[in-house]
There are 4 protein chains.
Amino acid sequence: MKPSPQRPYHGIIPPLVTPLSGSDQLDEPGLKKLIDHLCDGGVHGLFILGTTGEAPSLSHPLRRKMIEHSCKFTEGRLPILVGITDTSFIESVELAHHAAKCGADAVVVAPPYYLPPGQPELLEYLNDLIAELPLPCMLYNMPPLTKVQIGSRVVEQLLDNQGIVGLKDSSGDMSYFHHIENIAHQAGKWSVLMGSELLMMDSVLSGSDGGVTGGANLFPRFFSAAWSAADKGDLETVHRMQKTMIHLQQLYSIGQHASAGIKGIKCALETLGICSARIAEPFRAFNKPEKQAVAALLDTLHQDPLLAADFAALASS
Amino acid sequence: MKPSPQRPYHGIIPPLVTPLSGSDQLDEPGLKKLIDHLCDGGVHGLFILGTTGEAPSLSHPLRRKMIEHSCKFTEGRLPILVGITDTSFIESVELAHHAAKCGADAVVVAPPYYLPPGQPELLEYLNDLIAELPLPCMLYNMPPLTKVQIGSRVVEQLLDNQGIVGLKDSSGDMSYFHHIENIAHQAGKWSVLMGSELLMMDSVLSGSDGGVTGGANLFPRFFSAAWSAADKGDLETVHRMQKTMIHLQQLYSIGQHASAGIKGIKCALETLGICSARIAEPFRAFNKPEKQAVAALLDTLHQDPLLAADFAALASS
Amino acid sequence: MKPSPQRPYHGIIPPLVTPLSGSDQLDEPGLKKLIDHLCDGGVHGLFILGTTGEAPSLSHPLRRKMIEHSCKFTEGRLPILVGITDTSFIESVELAHHAAKCGADAVVVAPPYYLPPGQPELLEYLNDLIAELPLPCMLYNMPPLTKVQIGSRVVEQLLDNQGIVGLKDSSGDMSYFHHIENIAHQAGKWSVLMGSELLMMDSVLSGSDGGVTGGANLFPRFFSAAWSAADKGDLETVHRMQKTMIHLQQLYSIGQHASAGIKGIKCALETLGICSARIAEPFRAFNKPEKQAVAALLDTLHQDPLLAADFAALASS
Amino acid sequence: MKPSPQRPYHGIIPPLVTPLSGSDQLDEPGLKKLIDHLCDGGVHGLFILGTTGEAPSLSHPLRRKMIEHSCKFTEGRLPILVGITDTSFIESVELAHHAAKCGADAVVVAPPYYLPPGQPELLEYLNDLIAELPLPCMLYNMPPLTKVQIGSRVVEQLLDNQGIVGLKDSSGDMSYFHHIENIAHQAGKWSVLMGSELLMMDSVLSGSDGGVTGGANLFPRFFSAAWSAADKGDLETVHRMQKTMIHLQQLYSIGQHASAGIKGIKCALETLGICSARIAEPFRAFNKPEKQAVAALLDTLHQDPLLAADFAALASS
C-alpha cells in the first residue's frame, strides 16, 4: 500500500513522548535524540502531542515549544502531525496555526474531553473546527478518554469534508475499526490508522494504512518491519512478530492505572539512553522497583532476534 | 448551621454560567446583571468557572477575564470561588494566582480529566497542587466527567491538608456523599456541599453545609429559601419546595446530551432578560423549538407561588 | 405514614438471606430462627429470594422450598414478598404461582438480567408478565446487576397497571428515586421503597414508604426505629442513627467483590447464632481472617447504645 | 489448521437459534430443517443454548428438550456443544448431565451473570464446576452480558485443568483475544474461538481455531469458506469476503436494543423458509416494517456472488 493524495499517511507513525527535563521544561537534547532515533529507524511520520505525548498535561507555552523544536529537529525528514485536541475550540485553533507556522504537515483532533458532545454536536464541532484549520486534519477516536465515539454516521457525514485526511482509532474496538475502514475506503478516502498496538498488524492485513503505536518510540525498526510484513501479507513473519509484540506489552503493565503505558515507555527510553523518564504532573515517573522491572524486561527483550537491529542501533548511538 | 473557620462555606453557592457575547467574548453587561441578580437574591457565595461555567470550553485569556470581571462586579458582596480545574498542573496554578490577585476567596479543583489518575496518583497530585495555591481550596468530585472519584481513602488522607476548606460532590451518589460528610464532619472540618440539585435538601437535612445548584442562577430566592428550610429542619416546607425543584428539572431535559443542562439554564436566563444564551464551542445554543419549550416551561413555573419572589424581582429589574 | 390500599407496604422489609446447610440444602432451623428474630424485631414485612437471598444462585427446587418454609415459619405474622426475577418468563410465572399457593402476599420482579431489554421491550415484558401473576407485584429497579433501569417513562406508563403495588429502588441514584417517588405519589399510588441502606432515612424524610435494607437481617429493632424516626421527622434521632448506620456499612467492605455484602451479613448472622454462614455457589463463605474481622466489628457495634436492644434480644434467644 | 486432541474444535461452529412454535414450545420441524441446513452447509460443529440460542430466556424443561432434539436430529453428523451457563451451579451441572446422556460432545460455560464474581471467585467457581461435569468444557467470555471478564491471570491458572478444551471470546476486545490465544497456544492447548463475527477472519489469520458466528445460521457455506480462506492465509479472498461480512452486519442493526441480532437472524431464517421467527419472552419478533427491512436486505445480499451457494441451497431445499 503506497500513500496517495487521497490516503496520504501510511506505515508507522509513532506517537512521540514529550521529553521533559523539569517542571514545564522541555528536554531538548532528549527530544533531538528521540527524533533522530525515529528518523533513522525507518518510521513513516511523527505524531506529537497525542495521549502518549501527554499533551493535556502540558502548559500551552510548552506545547508550542514542543511543536517548534520537533519541527526544527526533524528538518523535513518526516511528516509531522500535531495533536491540537483541547476542550477549548479557540486554543485548538491557535495551536493549529502555530503548527502551520512551524512547518508541521497536519493536525490531529480528538473530541473535546470534558463535557461529552452528542453525535450531532460532535459533527457540528468537527465541521466548525476544521473550517478554521490551516492544515489537513486527522480525526482521532479515543472513547476511553474522551467518553465519546466518533460514530459511523458522523464519519459518513464527514467524508466530503476536504479538510480531513484520515482517522486514527484507539478505541480498541476492531469491529468499529472495520466499519470505519470500510466507509472510508469505499469512498476511496482517508488514511485509516490503528492506535492499539496489538491490533496494528491485524488492521494492516485487513487493509488499513498503518499504525500509531507507542512502542515505536523504543523500537522503530521492529515496528516498521512489522507493518511492512503485514502490508505485504507475509503471514509467517507476522506471526513471529506478533509474539514479540505481545512480549513487549508487558512494559505497559508494570505500572498500574491509566498512566502505566506512558510511564513504561518513558522509563524504557531513559534506560536505553534516549531521553529523560520525567512525567508531567499529575503523574510521576516510576519508582525504583518499577525501574528495575523495566530494566529486567529490556534485558529479556534484548535476546529477541527480532529486536536485534533496534538494540544494535541504540548501542551505537 | 452557621459557617465557621473550619467549615467556612454554607448555603447556596450557585455555579455561575459564563455569559458570552460572541466567540471568545465575555458578555460583560450580562455578567454584571447576573451577579446583581444573585447578590440581591440572597445566595451565600458565587462559584465561577465550574462545569456550568463551561470553564474547559473557554480560552485561558477568557477565563482570566471572567475572574477579573466577576470580582469587580461583585464588589465584595459575596465570597467568590474560582474553578481552576485543568489537565495541566501549571495552568491550574496560574489561574489560582490570577484569582488571588483579583481578590477571589477560594479555588475549586476537580481531578485532571483526560488520563484518569489512580487513587494514589490523585492523592499526590492534590497535595502537590494545593501546596502551590495562594488561596484555600475546595475539592470537586465529578466522576461522570473526570472518570475518577475522589475516594474516601484519599479524602481521609487529605483531612490534615490545611489548604483544603471543603468538598463539593457532583457524583449523584448519595451513599458516597454520606461517607464523605461523615469523614469530614467527624474531624470537625470542611464545608461539604452537594452539587446535585435534587439532592440538595436531602443533603442539608442530613447535615451538609449547602449546595452548588445550577438552577440558582435563575431562582436565587427559591434556592436560598429551600436551603434555609432544610437547614432549619422544616420538613413540611422542604416537601413543598422539593415538588417545585422536581418541576424545575424539566429545564434540563429539553435538550439532549450532556450539554442540556447548561443550554437550558442559559436559554432561560436570556428569556428572563439576564444575559445572552450563547454557548461556547463545541456546543451551540438552543434552536427555536427548544427555546419555545423553555419559554413554555417558564410560563408554568411563573404560576408556582414558591417562585413568585424570584419572578417579581426579575420583572422589576 | 400509614399503609393504605393504594400504598400497601411501608416500614422496614428486610431482604432475607437464604440460610443454607449444604449444597442446595436449606438450613431450616436457621431460617426459622431468622424469621422469629425478624418478626420479634418489629419489622413490617419479609422479602425473600431477592439479591441478598441469593435467588439467582439457587436451584428452582430450592427456591420453591424457601418459599414454602418461609410462609410456614412466618405463620401470618408478617406479609411475605417473594422475588420471582428470572431470565425465563415461564419460570417467573411458575414461581409466582407457587408463592400464591404457599400463602405469600406479593411478588417482586426485576428485569430479566442476561440480554438487557430496551425500554419499550421492558414495558411490554412487565405488562405481559404481570398479566400472568396471581399476586400483586412490586417492581424492583436494580441496574447495577440487571444492566437496565426501569426508566421514568416506563414507570409513568405502568401507573395504571392494577397489578403493581410498588417499586423498590436499589439503583443508589437518589435523583432517579425522587423522580419515581414523585410520579407514583402524584398519582396517589404505589409503595416506593429504598433499597440502598444508607439512603433509607433520607428517602423516608422525603416521603418514601420505607426500606428494604440488608442490615435489618441482623438488627431489626435498630432499622425499625430508624425508619420510625425518619417517618416522624425526628431529625435529631435520625442524625444519631445515621452515624450507627454508617458504622454498620463496614460489614459490607470486609470482603471484596460484589458478593461482599451477602457474605458479611451471613457471616455476622452465624457469629450471632442465628443461621449458617454458608453461601451458594459460585461464592464461598468468608475465610478465617474475614470472620475475625466480622467478629471484631460486631464487638465494636455491641458498644453502641442504639444497637443495645438488638444485642439484648440476640443474647436472650 | 487441523483439529488435534489438544485443540479439538476448529472452523465454524454456529450458535444455533432455538426455533420456537409457541410460548415455551420448540419448533421441532424448524429445528430439524435448521440442523440439516447447517450440516449440509459444511460447518464444523453446532453450539446450542448460547446467547443466540436465547438459553437464559428458556424454561429448563425447554432447554432439555432442545438438547434432546438437537442431538437426535444431528445424528452424529457434527459435534454438538451445549451451553449450560446459569446463575445456579446446580442447574448448570444438571444440564451438563442431560447433555451427556443425550450424546452431546462438550458443554460451554460463561460466568454466572447476576452477581458478578471477582476474579478469584471466578477461578474457584470454574474449577469447582468443571470437576462436576461429565463432558469437556469450553469457556465462554462474554463480559458485555456477564459483567465479568475471564481475565488472563485466571486463564493461566486454568490451563492445567484437563476438563477444559477451549475458550470462546465474545468480548469484542481483540487485544484481550490475542493475549488469551497466546497463553493457550504457547501451552499447546485449547481451541480458541472468536465470537465476534466481524473479527472471525482476523482472528483466524492470527492463528485462532475458528469462530462462533451467528450469521452462519443463515449462510453456512459462506462462513465456512471465509474461515477456510483465512485458515489458508488467502488474503485476497479474505478481503472480498470481509466486504460481504460487513454488508451482512446490517441485519443486526435493523432492530434496536441488545436483542436486535437475535431478532434479525430469526426473522431472516423465517423469511428464508427455515424456521419460525418467534422470540422467547421478554422479547418479541420483528414487526412488519422491520420484517420488510430484513426482506429488502436479503434481496440485496442475494445478488452477492459470494452468497450464491447458500441462496441456491436454500432455494432447492
Side-chain angles (χ1 to χ4, degrees), chain A residues 23-25 50-52 54-63 85-94 109-129 132 142 144-148 255-263 279-284 287, chain B residues 23-25 50-52 54-63 85-94 109-129 132 142 144-148 255-263 279-284 287:
Chain A
S23 175
D24 205 31
Q25 297 262 298
T51 304
T52 306
E54 301 171 82
S57 300
L58 309 179
S59 71
H60 279 83
L62 184 54
R63 291 195 223 179
T85 305
D86 202 283
T87 50
S88 161
F89 186 94
I90 302 293
E91 302 282 3
S92 289
V93 173
E94 289 192 359
V109 173
Y113 46 86
Y114 187 67
L115 206 63
Q119 295 293 304
E121 292 174 327
L122 181 58
L123 179 62
E124 282 179 354
Y125 167 74
L126 289 170
N127 278 322
D128 288 356
L129 180 69
E132 305 280 330
M142 181 41 128
L145 297 183
T146 62
K147 295 163 287 185
V148 59
Q256 297 174 293
H257 320 304
S259 60
I262 299 170
K263 288 179 179 179
I279 308 281
E281 296 93 345
F283 303 109
R284 289 184 187 173
N287 57 25
Chain B
S23 175
D24 205 31
Q25 298 261 298
T51 303
T52 305
E54 301 171 82
S57 299
L58 308 179
S59 71
H60 279 84
L62 184 54
R63 291 196 222 178
T85 306
D86 202 283
T87 50
S88 161
F89 186 95
I90 303 294
E91 301 283 3
S92 288
V93 172
E94 287 190 1
V109 173
Y113 46 88
Y114 187 66
L115 207 61
Q119 293 293 306
E121 293 175 327
L122 180 58
L123 179 62
E124 282 179 355
Y125 167 74
L126 290 171
N127 278 321
D128 289 357
L129 180 69
E132 305 281 329
M142 180 41 127
L145 298 182
T146 62
K147 296 163 286 185
V148 58
Q256 297 175 293
H257 320 306
S259 59
I262 298 170
K263 287 179 178 178
I279 308 281
E281 295 93 347
F283 304 107
R284 289 185 188 171
N287 57 25

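Below, chain A is the first sequence line, B the second, and so on; all start at residue 1.
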Among A:Ser88, A:Pro120, A:Pro112, which has the most heavy-atom pairs under 4.5 Å with chain B? A:Ser88

For A:Phe283, is it the side chain, the backbone, both, or neither that has a heavy atom closer than 4.5 Å to a heavy atom of chain B? side chain

Quick one: closest heavy-atom pair of A:His257 and B:Gly118, and the distance? ND1-CA, 3.3 Å

Ranking A:Glu94, A:Met142, A:Glu281, A:Glu54 by heavy-atom pairs under 4.5 Å to chain B gives rank one to A:Glu281

Search all heavy atoms of B:Glu91 against all heavy atoms of A:Pro61 and return the closest pair with its distance. OE2-CD, 3.9 Å

Chain B interface, residue from A:Ala258, A:Ser92, A:Ser23 that has the most non-hydrogen pairs under 4.5 Å: A:Ala258

Between B:Tyr114 and A:Thr51, is there a side-chain donor-acceptor contact under 3.5 Å, judged purely by atom types and distance? yes

side-chain contact (heavy atoms from CB on, under 4.5 Å) assessment of A:His60 paired with B:Ile90: CA-CA 9 Å; A:His60 279 83; B:Ile90 303 294; over 6 Å; no

Heavy-atom closest pair, residues A:Ser259 and B:Glu121: OG-OE2, 2.6 Å

Tell me, side chain or backbone of A:Pro111 under 4.5 Å from chain B's heavy atoms, or both, or neither? neither

Could you tell me which portion of A:Leu126 (side chain, backbone, both or neither) has an atom closer than 4.5 angstrom to a non-hydrogen atom of chain B? neither

Could you go through B:Lys147 and A:Leu145, starting from their C-alpha distance and side-chain angles, then the distance that decides it, and tell me whether this counts as side-chain contact (heavy atoms from CB on, under 4.5 Å)? CA-CA 8 Å; B:Lys147 296 163 286 185; A:Leu145 297 183; 3.9 Å; yes

Roughly how far, to the nearest 0.5 Å, is the CG atom of B:Asp86 from the OG1 atom of A:Thr87? 7.0 Å

